[in-house]
2 protein chains.
Amino acid sequence: MADIGAHSAGKRVKNGHETLAVSPGMTLAESLRQKLEGAIAAGHLEPGSRLDEQEIAQRFGVSRTPVREAFRLMAANNLVELRGRQGATVRSIKAQALIEMFQVMAELEGLCARLAARRVSQAWGAEIGDIHQRLVAAGETGDIDVFYDINQEFHEAIYEASRNSFLADQTRKLRNQVAAYRSRVTRMPNRIADTVREHEAIMQAILAHDPERAHSAMRDHVNLLGDNLLDFLAAFE
Amino acid sequence: MADIGAHSAGKRVKNGHETLAVSPGMTLAESLRQKLEGAIAAGHLEPGSRLDEQEIAQRFGVSRTPVREAFRLMAANNLVELRGRQGATVRSIKAQALIEMFQVMAELEGLCARLAARRVSQAWGAEIGDIHQRLVAAGETGDIDVFYDINQEFHEAIYEASRNSFLADQTRKLRNQVAAYRSRVTRMPNRIADTVREHEAIMQAILAHDPERAHSAMRDHVNLLGDNLLDFLAAFE
DNA sequence: ATACCAATATAAGTATACATATCGGCCCTC
DNA sequence: GAGGGCCGATATGTATACTTATATTGGTAT
């Protein structure tokens, strides 16, 4: 066995293979999960592609056991599909399933916005305002990667403002599941301008403490993104 | 190794230990997951209690490997908590978390009902009517376990009628997570009569193709159950 | 030539052996 | 006598060996 994680905290392992961060109370399986989920979200692992236990084990210089456990963990987040006795594949989401997922996501994010509208404080108003301004700035410079990150921040801030950590968790997970597909859409022609406008409407409704308007504004925003995404995918097939 | 699942399909294993159903394309880990999840939902495994790998492995006459994998699978469903290097425990849900979960569940089940109202067919109307009649009958004879099962059937029928299999899945999972707590509430004084009345309102709204009414009726139904549950728990602490 | 069966190969599932971290008890010191 | 540190026991994490199912390929028969 490789001399992994035995000594001090915050180590890194390099076995002549790929590096793997190993934090204090962290197991190899958990590290692998993070690494692989990141690769999936970033699109480095194509949806539908097979995950070979042995190959991945070799690549990171570990045995099959933690790899298998990481697969189980990821299956929990619906990021990989386990077909008994037939291996694991990166979950490939069909257009129909994406429609369904956006329908649910619109509702959950809408609920976040509604709760946020009921509960926001003054301080939060300043925070979201700052985020939005940075989003506008990124939109003007056209730096798409930064725009994508700040967009994420905006939604995250609303999750937190809902003060329902379970809801925040569920919504985040769902957002994560479609991340691999979403990231391809951010680059569409009018998406940046539309996003800025839609965010404005959401923000105003929340700050005006209008739950119903916040709900529908957010729902529309998510649904529009979903529609864009489906248009985008349709152009490919 | 015990001679498990090696030969024909649909077997049962008995090693002088507890029996474990092993279906055709099913792994031991999956079987264990089902068995243990059932035990949790039925309340045979107390929330917060520790799950000992070795003990469970011995009890079912298997090695620790499939037991560990079953734990990971269950962690995916939020039914057990894995604290690295410190074992697995049956997830214990605090009152605050239950409130949050019911808030989300009300919204999801409400969405199911809304979609169902838009999409139901004639045949489905007959089916849900039959289920409801059986629920009423079970309520009159006072057989609570049967009532509980038919109640589940009713909700399940609406999940399916939403024609959104992702939504159905999410809702089912959430329902499963709170099952261990819900089951204690079914036995409350007026719950049976209330449930029947509330189901009637939901059913009528759906059959009348009134999405908004179906949504709010279902949301109220779930919220009332949540309130009852919290009252029940409060009486204990 | 195609379809079906059989045999073999490959990869998933399971068992077991080994490494290592956490927890509890006991002893020593202050 | 109490508190802290050290040591050992126990259970989790990981590696490896072995079993078994599924898929693929080749051959044969129709």
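Just so it is clear: chains get the letters A, B, ... in the order the sequence lines come, proteins before strands, and each one is counted from 1.
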**Request:** Only one of A/E160, A/R172, A/H221 passes side chain to side chain donor-acceptor pair (under 3.5 Å) with A/H155; say which it is.
**Result:** A/H221
**Protein-nucleotide distance (A/E53, atom CD; D/dT22, atom C1'), rounded to Å** = 14 Å
**Request:** Check the distance between D/dT10's C1' and B/Q54's CD and give it to me in whole angstrom.
**Result:** 8 Å
**Asked** Given atom CG of A/L32 and atom C1' of D/dT14, what is their separation to the nearest angstrom?
**Response** 12 Å
**Request:** Scan residues 102-112 of chain A for pairs that pass salt bridge (Lys or Arg N to Asp or Glu O under 4.0 Å), counting only residues two or more places apart or in two chains.
**Result:** A/E107-A/R219, A/E107-B/R114, A/E109-A/R175
**Prompt:** Among C/dT22, C/dT14, D/dT14, which is the nearest nucleotide to the side chain of B/S63?
**Reply:** C/dT14
Below 3.5 Å, can you tabulate the donor-acceptor pairs from side chains in residues 224-231 of chain A to any protein atom, sequence neighbours excluded?
none

**Complete:** Among the nucleotides C/dT16, D/dT22, D/dT14, whichever has the atom closest to the side chain of B/T65 is C/dT16
**Request:** For A/D52, enumerate each residue passing the side chain to side chain contact (heavy atoms under 4.5 Å, CB included) test, keeping only those at least two apart in sequence or located in another chain.
**Result:** A/Q54, A/E55
**Fill in**
Residues at least two apart in sequence or cross-chain that pass salt bridge (Lys or Arg N to Asp or Glu O under 4.0 Å) with B/E100, listed by chain then number, are none
**Message:** Give the residues of residues 69-80 of chain B touching DNA chain C, defined as any heavy atom closer than 4.0 Å, sorted by residue number.
**Reply:** none
**Request:** Please state how far atom CZ in B/R83 lies from atom P in C/dC23, giving the value in whole angstrom units.
**Result:** 9 Å
**Prompt:** B/R85 has a side chain; which of C/dC23, D/dT12, C/dG13 sits nearest to it?
**Reply:** D/dT12
**Item:** Gap between atoms CZ and C1', on B/R68 and D/dT14 respectively (whole Å)
**Value:** 8 Å
**Request:** For B/R50, answer base if it contacts any base atom (sugar-phosphate contacts may also be present), sugar-phosphate if it contacts only those atoms, and nothing otherwise; contact means non-hydrogen atoms under 4.0 Å.
**Result:** sugar-phosphate
**Prompt:** Rounded to the nearest Å, what distance is computed from the CE atom of residue B/M26 to the C1' atom of nucleotide D/dT20?
**Reply:** 17 Å
**Request:** Looking only at side-chain atoms of B/T27, point me to the closest of D/dT16, C/dG13, C/dA11.
**Result:** C/dG13
**Request:** Check the distance between D/dT12's C1' and B/D52's CG and give it to me in whole angstrom.
**Result:** 10 Å
**Message:** For B/E153, give me all partners under salt bridge (Lys or Arg N to Asp or Glu O under 4.0 Å), at least two apart in sequence or on another chain.
**Reply:** B/R134
**Nearest listed nucleotide, side chain of B/R64, among C/dC23, D/dG13, D/dA23** = D/dG13
**Message:** Using OP1 and OP2 only, check whether a side-chain N or O of A/Q86 sits under 4.0 Å from C/dA12.
**Reply:** no
**Message:** Tell me if a side-chain donor or acceptor on A/R50 pairs with a main-chain N or O of A/T89 at a distance below 3.5 Å.
**Reply:** no
**Asked** To the nearest angstrom, how far is B/L28 atom CG from C/dT16 atom P?
**Response** 12 Å
